[in-house]
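Remarks on the structure that follows.
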Amino acid sequence: MPVPQGPLVIGVDSSTQSTKALVVDSATGAVVARGQAPHTVGGGSDGTGKESVPEQWWEALTEALRQCGNPAREAAAVSVGGQQHGLVTLDASGRSVRPALLWNDVRSAPQRDRLIEELGGPKAWAERVGSVPAPAFTVTKWAWLMENEPEAARATAAVRLPHDYLTERLTGYGTTDRGDASGTGWWSSATESYDEEILDRAGLSPELLPRVLRHGEAAGTVRELPDLPLPTGALVATGTGDNMAAALGLGLRPGQPVLSLGTSGTVYAVSAHRPADPSGVVAGFADTRDAWLPLACTLNCTLAVDRIAALLGRDREAVEAGGSAVLLPFLDGERTPHLPHASGLLHGLRHDTTPGQVLQAAYDGAVFALLTALDQVLDADAAPDAPLLLIGGGAKGTAWRETVRRLSGRPVQVPRAEELVALGAAAQAAGLVLGEDPAAVARRWATAEGPSYGPVPRDEAALERLSRVLADAEGLLRHA
């Protein structure tokens with residue numbers, strides 16, 4: 001291992017499927033060691049949910065750090081980026097009462113509708129919270145627990161988010177940050193504090209919630225834990241949600257648009273203005289620092305397009321131009337547009353339509369949904385010709401990149417840096433150790449640098465076709 005030029009720091013990405021740990025040289029951003037361990041996701045007692053046992057995340061973190069070897073034992077600071085929205089319920093001894101309800105568990109849709117109505121509708125939620133909660137939001141999950149598993153709710157002595165849980169295991173203190181807290185539905189972006197009326201309507205005492213730390217504040221230090229391969233006394237940063245950590249990992253400046261192409265798709269940009277979208281398309285998240293992170297999410301992205309490719313018996317890159325087919329790949333329902341009961345829809349087949357054209361139509365449908373959402377995410381601070389930063393697993397694919405270029409008409413840049421959530425957490429840890437702005441640290445690490453692709457003429461015909469079919473089929477999609 002080359003001799004590090006600065007203190008070593010650790011960034012953690014605890015996602016739905018696994019925990020990754022990176023040991024990073026805080027001076028250069030060079031990754032000197034890495035580890036990864038898987039999680040198990042279950043379906044709950046009825047098989048319809050998405051749940052994980054929180055203790056498993058801790059075991060995965062310990063294993064990932066163990067794989068990092070000696071560099072992990074020399075780290076000066078650590079920070080945890082975690083999957084957003086998950087409901088972690090702990091008893092008085094700190095053990096989980098039941099498996100955590102994950103972000104993609106949508107059983108709380110009825111409770112979501114009730115809460116929105118009780119508080120005065122979407123506009124009231126947007127003004128107070130910054131977002132109209134989706135079933136992903138934690139407040140809806142607690143309301144579901146209260147109604148469906150009241151004994152578990154009564155046994156709960158502390159409520160945490162996934163990253164909070166791991167940070168508390170490291171330090172012994174219950175803390176969170178404004179970024180992850182802004183995805184709960186009970187933290188008000190208007191007052192930057194917990195909203196006690198919302199908590200009361202959901203039946204949750206504020207005494208069960210962690211303290212919200214400010215930017216640059218430490219969550220504590222690593223306590224003495226014999227089986228944990230970290231130095232006792234190392235600083236622990238606030239940590240944050242995965243989307244906020246990825247934005248920090250890119251060192252985003254206000255107005256820089258990001259498209260993340262993963263199992264689900266997200267579009268976001270840092271903004272100096274507090275978002276409050278009553279339509280519910282844009283989630284008005286806070287970022288890790290003192291700004292905002294308006295974000296929109298689609299449920300169907302790379303996994304849905306890969307499924308279409310498998311149905312057609314084609315490689316995911318085997319697309320063909322032309323044809324009139326429109327494919328809306330809403331295989332799991334859709335969040336943006338809000339069509340939770342939708343299924344996939346294929347329209348416009350002709351005798352001469354080829355399988356490659358159908359596959360290209362699937363890409364078009366997924367990217368169209370993302371770009372439509374991006375138009376609502378960006379504000380007046382965003383330049384209309386700013387390059388789109390393309391991240392996530394799909395960013396490596398030629399078909400994804402070229403579809404984004406063709407439908408957006410914008411230049412595209414693909415950062416070389418991967419594991420941006422863990423890198424963002426590492427930048428947060430480095431900022432704490434060095435006394436620097438973590439976004440400036442990430443920019444010094446040049447995490448956003450990568451190949452650039454110039455703009456091409458926007459395919460207005462395809463966009464018009466997609467828009468028309470979506471409008472005409474809305475009734476069918478809403479009730480499918």
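Here salt bridge (charged side-chain N to carboxylate O under 4.0 Å, His left out) pairs that include residues 330-349, with residues two or more places apart or in two chains, number zero.
Using a 4.0 Å cut-off between charged side-chain N and carboxylate O, Arg274 and Glu127 make no salt bridge. Salt-bridge formation is detected for the pair Arg214/Glu192: a Lys NZ or Arg NE/NH1/NH2 atom is positioned less than 4.0 Å from an Asp or Glu carboxylate oxygen. Ion pairing of Glu196 with Arg201 is absent here, as no side-chain N (NZ or NE/NH1/NH2) approaches a carboxylate O to less than 4.0 Å. Between Arg350 and Asp352 there is no salt bridge, since none of the side-chain N atoms of the basic residue sits less than 4.0 Å from a carboxylate O of the acidic one. Salt bridge status for Glu449 with Arg443: absent, with no side-chain N to carboxylate O gap under 4.0 Å. Classification of Arg289 and Asp437 as a salt-bridged pair holds, one side-chain N sitting under 4.0 Å from a carboxylate O.
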Before giving the answer on side chain to side chain contact (heavy atoms under 4.5 Å, CB included), spell out for Leu388 and Gln413 the whole-Å C-alpha distance, their side-chain angles and the decisive distance to 0.1 Å. CA-CA 6 Å; Leu388 298 178; Gln413 184 170 328; over 6 Å; no
Start with the C-alpha gap between Arg468 and Glu464, add the side-chain angles, then the distance that decides, and say whether salt bridge (Lys or Arg N to Asp or Glu O under 4.0 Å) holds. CA-CA 6 Å; Arg468 185 179 67 249; Glu464 194 279 331; 2.6 Å; yes
Taking it one step at a time, do Val236 and Thr167 satisfy side chain to side chain contact (heavy atoms under 4.5 Å, CB included)? CA-CA 7 Å; Val236 180; Thr167 300; 3.9 Å; yes
Side chain to side chain contact (heavy atoms under 4.5 Å, CB included) between Leu209 and Leu204, worked out: CA-CA 9 Å; Leu209 299 177; Leu204 179 60; 3.9 Å; yes
Step by step, work out the side chain to side chain contact (heavy atoms under 4.5 Å, CB included) result for Tyr268 and Leu259. CA-CA 7 Å; Tyr268 55 83; Leu259 267 71; over 6 Å; no
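No donor-acceptor distance shorter than 3.5 angstrom exists from the side chain of Arg316 to the backbone of Ala310, with no hydrogens or angles considered. Although no hydrogens or angles enter the test, the distance criterion places no donor-acceptor pair under 3.5 Å between the side chain of Asp13 and the main chain of Ala422. A donor-acceptor distance shorter than 3.5 angstrom exists from the side chain of Arg314 to the backbone of Ala318, with no hydrogens or angles considered. At distances below 3.5 Å, not a single donor-acceptor pair connects side-chain atoms of Thr266 with backbone N or O atoms of Cys297. A donor-acceptor contact shorter than 3.5 Å links the side chain of Ser52 to the backbone of Thr40. Distance alone, capped at 3.5 Å, is enough to place a donor-acceptor pair between the Arg405 side chain and the Gly454 backbone. Side chain of Gln84 to main chain of Gly183: no donor-acceptor pair is present (N/O by atom type, distance under 3.5 Å, no hydrogens or angles). Put simply, the side chain of His39 gets close to the backbone of Ser15: a donor and an acceptor are under 3.5 Å apart. Side chain of Lys141 to main chain of Asp105: a donor-acceptor pair is present (N/O by atom type, distance under 3.5 Å, no hydrogens or angles). Not one N or O on the side chain of Asp200 forms a donor-acceptor pair closer than 3.5 Å with the backbone of Glu197.
Of all heavy-atom pairs between Pro162 and Val88, the closest is N-CG2, 4.0 Å. Of all heavy-atom pairs between Ala202 and Val139, the closest is CB-CG2, 3.9 Å. When all heavy atoms of Ala325 and Leu346 are compared, the pair lying nearest together is CB-CD1, 4.4 Å. Thr302 and Trp400 make their closest contact through CA-CZ2, 3.6 Å (heavy atoms, listed as atom of the first residue, atom of the second, distance). Shown here for Leu248 and Gly424, the closest heavy-atom pair between the two residues is CD2-O, 3.5 Å. Looking at every heavy atom in both residues, Gly262 comes nearest to Cys301 through O-CB, 3.0 Å.
A 6.0 Å sphere centred on NE2 of His347 holds no more than 12 heavy atoms belonging to other residues, nucleotides or ligands.
A tilted orientation is assigned to the rings of Phe285 and His85, their planes being inclined by 30° to 60°.
Contact check for Met244 versus Ser182: side-chain heavy atoms found under the 4.5 Å cut-off. The side-chain heavy atoms of Arg465 and Phe368, taken from C-beta on, include no pair separated by under 4.5 Å. No side-chain heavy atom of Arg406 sits under 4.5 Å from any side-chain heavy atom of Pro457. Counting heavy atoms from C-beta on, the side chains of Thr191 and Ser193 come closer than 4.5 Å. Counting heavy atoms from C-beta outward, Leu22 and Leu423 have side chains that approach closer than 4.5 Å. At a threshold of 4.5 Å between non-hydrogen side-chain atoms, the residues Ile116 and Pro133 count as touching. Contact check for Trp144 versus Leu101: side-chain heavy atoms found under the 4.5 Å cut-off. Contact check for Leu345 versus Val469: side-chain heavy atoms found under the 4.5 Å cut-off.
Under the 3.5 Å distance criterion, with hydrogens and angles disregarded, a donor-acceptor pair is assigned to the side chains of Thr354 and Glu320. Ser108 and Thr140 are linked by a side-chain donor-acceptor pair at a separation below 3.5 angstrom, with hydrogens and angles left out of the test. When only modelled atom types and interatomic distance are considered, Thr240 and Asp180 share no side-chain donor-acceptor pair under 3.5 Å. Side-chain contact of Gln428 with Thr238: a donor-acceptor pair under 3.5 Å is present, judged by distance alone. Ser188 and Arg128 are not linked by any side-chain donor-acceptor pair at a separation below 3.5 angstrom, with hydrogens and angles left out of the test. Between the side chains of Ser14 and His163, not a single donor N or O lies within less than 3.5 Å of an accepting N or O. For the residue pair Asn300 / Thr298, no side-chain donor-acceptor distance below 3.5 Å is found, with atom types taken as modelled. In this model, a donor atom of one side chain and an acceptor atom of the other lie less than 3.5 Å apart for Trp103 and Thr16.
Both tests hold for Arg401 against Tyr453: distance to the six-membered ring centre under 6.0 Å, angle to the ring axis within 45°.
The distance from atom OG1 of Thr263 to atom CG of Leu261, rounded to the nearest 0.5 Å, is 11.0 Å. Once rounded to the nearest 0.5 Å, the distance linking CG of Asp375 with CG of Leu370 reads 11.5 Å. Rounding to the nearest 0.5 angstrom, the gap separating the CG atom in Leu432 from the NE2 atom in His215 is 10.0 Å. Taking CD from Glu149 and OG1 from Thr89, the interatomic distance works out to 8.5 Å, rounded to the nearest 0.5 Å. Note that OG of Ser343 is 7.0 Å distant from CG of Leu477, once rounded to the nearest 0.5 Å. A distance of 6.0 Å separates CZ in Arg98 from CG in Leu145, rounded to the nearest 0.5 Å.
With sequence neighbours excluded, no residue forms a ring-ring contact (aromatic ring centres under 6.0 Å, His included) with Trp125. Under the salt bridge (Lys or Arg N to Asp or Glu O under 4.0 Å) criterion, Glu117 pairs with no residue at all, not counting sequence neighbours.
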